[in-house]
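Numbers for residues simply follow the sequence, beginning at 1. Everything numeric in this text was worked out from a predicted model, so none of it was measured.
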Amino acid sequence: MREILGRRRKLSLRRAGRSAVLTAALTYATEWQWPVLPGVGLRPGIGRVRECGCPDPDCVVPGAHPFDPGLLAATTDARMVRWWWTNRPEAPVVLATGGHAPCAVSLPAVAGARALAAFDRAGVRLGPVVATPTRWSLLVAPYSLEVLGELLHRQDWVPGSLRFHGEGGYAVLPPSPTGTGRVRWERAPRPAGAAGAGAGRGLLAARAGAARRLDGLARPWLPDVASVVDVLVEQSAGVPGGGSSRLAY
């Protein structure tokens with residue numbers, strides 16, 4: 001009996017010793033079947049500043065992009081995920097978007113806050129929303145370029161600050177450390193059966209859920225991109241970005 005208890009204690013200590021990033025990466029890969037890989041991460045810079053680990057001194061997404069391994073290495077294999085984050089426990093978790101995995105639409109944080117307020121007023125149910133100090137990303141169900149093209153063709157104009165992360169793209173997931181700050185959930189993932197009962201109650205539940213552990217949660221529900229694109233285009237208008245919208249990073 002003591003031996004069994006001893007083994008349980010060891011197992012509990014091992015789980016407690018896992019980094020939060022590794023725990024999240026395993027949940028995404030093994031429970032939700034979202035293909036992930038470690039991002040390039042950060043390295044010490046001048047003074048207290050930390051720089052992107054890639055060779056580009058002017059990297060626009062410091063730490064928060066694939067480099068080595070490349071995006072094609074994304075996997076749902078638990079052994080590979082453990083190996084990556086055991087060796088690099090603070091590496092950002094990068095989701096390879098598209099295919100059977102979620103896609104994403106990202107916009108500047110100020111526009112993202114306005115968009116979420118508009119969705120709440122209209123009673124529109126949202127899926128997970130990822131936030132950094134500078135940009136927010138709404139995770140949506142997988143879409144094809146053809147579907148996205150038709151949706152954007154209906155718009156008079158698509159702001160350059162609005163970005164679409166589909167097949168061949170990526171998004172960074174919580175609780176990844178990046179050059180602009182740690183990634184967090186603005187709206188926590190909720191399972192398919194947890195339908196929102198009104199914008200107010202749904203918002204409170206989402207904020208409360210953001211502080212809970214993700215392990216054991218059923219695969220999150222995701223909205224269709226068609227249900228969010230109009231509001232995102234509208235709320236991104238006037239936000240600096242320039243040019244036409246980018247399909248992926």
Trainee: Would you mind reporting whether S19 and T86 have side-chain heavy atoms less than 4.5 Å apart?
Mentor: no
Trainee: Using 0.5 Å steps for rounding, measure from the CZ atom of R219 to the CD atom of Q33.
Mentor: 6.5 Å
Trainee: Are a donor atom and an acceptor atom from the side chains of T180 and T178 found within less than 3.5 Å of each other?
Mentor: yes
Trainee: Does V61 belong to the same Ile/Leu/Val/Met/Phe/Trp/Tyr cluster as V40, with side-chain heavy atoms less than 4.5 Å apart forming each link?
Mentor: no
Trainee: Let's go through T132 and R135 carefully: what are the C-alpha distance in whole Å and the side-chain angles of both, what is the deciding distance for side chain to side chain contact (heavy atoms under 4.5 Å, CB included) to 0.1 Å, and is it a yes or a no?
Mentor: CA-CA 5 Å; T132 72; R135 292 189 71 82; 4.1 Å; yes
Trainee: Treating Ile, Leu, Val, Met, Phe, Trp and Tyr as nodes and any side-chain heavy-atom pair under 4.5 angstrom as an edge, say whether W83 and F67 lie in one connected cluster.
Mentor: no
Trainee: What is the minimum heavy-atom distance between A96 and A101, and which atoms define it?
Mentor: O-CB, 3.5 Å
Trainee: Work out which heavy atom in S236 is nearest to a heavy atom in L107; give both atom names and the distance.
Mentor: OG-CD1, 3.5 Å
Trainee: Using the side chain to side chain contact (heavy atoms under 4.5 Å, CB included) rule, take V93 and V183 through it: C-alpha gap first, then chi angles, then the decisive distance, then the call.
Mentor: CA-CA 10 Å; V93 183; V183 183; over 6 Å; no
Trainee: Would a single hydrophobic cluster contain both V129 and F119, if residues Ile, Leu, Val, Met, Phe, Trp and Tyr are joined by side-chain heavy-atom contacts under 4.5 Å?
Mentor: yes
Trainee: What's the spacing between T97 OG1 and E167 CD if we round to 0.5 Å?
Mentor: 7.5 Å
Trainee: Side chains of L173 and V130, heavy atoms from C-beta outward: is any pair under 4.5 Å?
Mentor: yes
Trainee: Are the side chain of R43 and the backbone of C52 linked by a donor-acceptor contact shorter than 3.5 Å?
Mentor: yes
Trainee: Given L37, which of L72, L71, V81 fulfils the side-chain contact (heavy atoms from CB on, under 4.5 Å) condition?
Mentor: L71
Trainee: Less than 4.0 angstrom from a charged side-chain N to a carboxylate O is my criterion; do D120 and R187 meet it?
Mentor: yes
Trainee: Carefully, step by step, assess T75 and W84 under the rule side chain to side chain contact (heavy atoms under 4.5 Å, CB included).
Mentor: CA-CA 11 Å; T75 184; W84 276 333; 3.6 Å; yes
Trainee: Would you indicate whether the side-chain heavy atoms of V21 and W85 approach each other to under 4.5 Å?
Mentor: yes
Trainee: What is the minimum heavy-atom distance between S227 and P223, and which atoms define it?
Mentor: OG-CB, 3.8 Å
Trainee: Under 4.5 Å between any side-chain heavy atoms of L126 and L116, yes or no?
Mentor: yes
Trainee: Using the ring of each side chain (for Trp, its six-membered ring), is Y28 parallel, tilted or perpendicular to W34, with breaks at 30° and 60°?
Mentor: parallel
Trainee: With a 4.5 Å limit on heavy-atom distance, are the side chains of W32 and P102 in contact?
Mentor: no
Trainee: In the single-linkage hydrophobic clustering (I, L, V, M, F, W, Y; side-chain heavy atoms under 4.5 Å), do L42 and L22 co-cluster?
Mentor: no
Trainee: Once rounded to the nearest 0.5 Å, what's the spacing between atom OG of S106 and atom CG of L139?
Mentor: 10.5 Å
Trainee: Find the distance between OG (S176) and CZ (R184) and round it off to the nearest 0.5 Å.
Mentor: 14.0 Å
Trainee: With rounding to the nearest 0.5 Å, note down the distance linking OH in Y143 to SG in C103.
Mentor: 5.0 Å
Trainee: Return the minimal non-hydrogen interatomic distance between W185 and A188, and the atom names on each side.
Mentor: CB-CA, 4.0 Å
Trainee: First locate atom CD of Q235, then atom CG of L162, and finally report the distance between them rounded to the nearest 0.5 Å.
Mentor: 11.0 Å
Trainee: Minimum heavy-atom separation for V172 to P92, with atom names?
Mentor: CG1-CB, 4.2 Å
Trainee: Taking the side chain as every heavy atom from C-beta outward, state whether W136 and L232 have any pair of such atoms under 4.5 Å apart.
Mentor: no
Trainee: So, do V225 and V105 sit near enough that their side-chain heavy atoms are less than 4.5 Å apart?
Mentor: yes
Trainee: Looking at E90 and R88, is there a salt bridge between them, counting it only when a charged N and a carboxylate O are closer than 4.0 Å?
Mentor: no
Trainee: Got H165 and R163 here, is their nearest side-chain heavy-atom distance under 4.5 Å?
Mentor: yes
Trainee: Please report the closest heavy-atom contact between D56 and D58, naming both atoms and the distance.
Mentor: OD1-N, 2.9 Å
